Amino acid sequence: ETGVTQTPRHLVMGMTNKKSLKCEQHLGHNAMYWYKQSAKKPLELMFVYSLEERVENNSVPSRFSPECPNSSHLFLHLHTLQPEDSALYLCASSQVIDRENTEAFFGQGTRLTVV
Amino acid sequence: SQQGEEDPQALSIQEGENATMNCSYKTSINNLQWYRQNSGRGLVHLILIRSNEREKHSGRLRVTLDTSKKSSSLLITASRAADTASYFCATALSGGSYIPTFGRGTSLIVHP
């Protein structure tokens, strides 16, 4: 266990569904991240929250909507996804001090399949 | 675009051999980190090396950093079948974003 918990671990959803991925960290970190990992592609950074404010939105389609209600929780709301959105979605957290990043701790990921 | 790029993309060795993976990056960094990922799981942090360090050890891991060449290497000595995984480098840019960015990774297979 890394102190970062993602739920659910697996999710199958239709293209018209709405679902949410949840991430929770118990490490007292001040930054949280969503990454997307597709086969044979680099790990893609999607969103970054630092001190509960979104600081990065990496040209992600609006069908992905992040939410960070507090420093311990991060959500990724999904709606009208496409089959190419099927991937492993990874949440991570880290402590950022003076713009120097410490190690990132990752959750186990949510394997998303869009049918 | 991703900052770190690992090489080779795939590496297959026998148990007991050493495994060397390389990472190249494009701009100045504050630090460089190596991570490991078992199939379909989250990434696990292995080691962090700062821009003013040249070499770092952790158990069977040895990391070097050459800022003049903008490259790093990860050496796993006396590999074991349990070392089979994907290995990623991540960089934090100096004077800019602290956000770790990753490459495609090196897929290592260690045959027993």
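Small disclaimer: the values here were computed from a predicted structure and weren't measured. Every chain is numbered from 1, with letters handed out A, B, ... down the list of sequences.
Atom CZ of residue B:R41 and atom CZ of residue A:R111 lie 12.0 Å apart, to the nearest 0.5 angstrom. A distance of 5.0 Å separates CD of A:Q37 from CZ of B:F88, quoted to the nearest 0.5 Å. Once rounded to the nearest 0.5 Å, the distance linking OH of A:Y35 with OG1 of B:T101 reads 7.5 Å.
Summarising the local packing, NZ of A:K19 is surrounded by 12 or fewer heavy atoms from other residues, nucleotides or ligands at distances under 6.0 Å. The number of heavy atoms from other shown groups lying within 6.0 Å of CZ (B:R80) does not exceed 12.
Checked by atom type and distance alone, the side chain of B:Y35 pairs as donor or acceptor with a backbone atom of A:A104 at under 3.5 Å.
Ranked by heavy-atom pairs under 4.5 Å with chain A, the list B:S107, B:G105, B:G40, B:A90 is led by B:G40.
When hydrophobic clusters are built by joining Ile, Leu, Val, Met, Phe, Trp and Tyr residues whose side-chain heavy atoms come closer than 4.5 Å, directly or via intermediates, B:L61 is grouped together with B:W34. A continuous path of ILVMFWY side-chain contacts below 4.5 Å connects A:M15 to A:L78, so both sit in one hydrophobic cluster. Both A:L11 and A:V114 are members of a single hydrophobic cluster when ILVMFWY side chains are connected at heavy-atom separations under 4.5 Å. A:M32 and A:F75 fall into different hydrophobic clusters, defined by Ile, Leu, Val, Met, Phe, Trp and Tyr side-chain heavy atoms under 4.5 Å apart, directly or through other members. Residues A:V60 and A:Y49 share a hydrophobic cluster, clusters being chains of Ile/Leu/Val/Met/Phe/Trp/Tyr side chains in contact below 4.5 Å.
Within the 4.5 angstrom heavy-atom criterion, no atom of A:Q6 approaches chain B. For B:Q9, no part lies under 4.5 angstrom from a heavy atom of chain A.
Smallest separation of non-hydrogen atoms from A:F106 and B:L43: CB-O, 3.3 Å. Residues B:G42 and A:Q108 share a closest heavy-atom pair of N-OE1, 3.3 Å. The two residues A:E103 and B:L48 have their closest heavy-atom pair at N-CD1, 4.5 Å.
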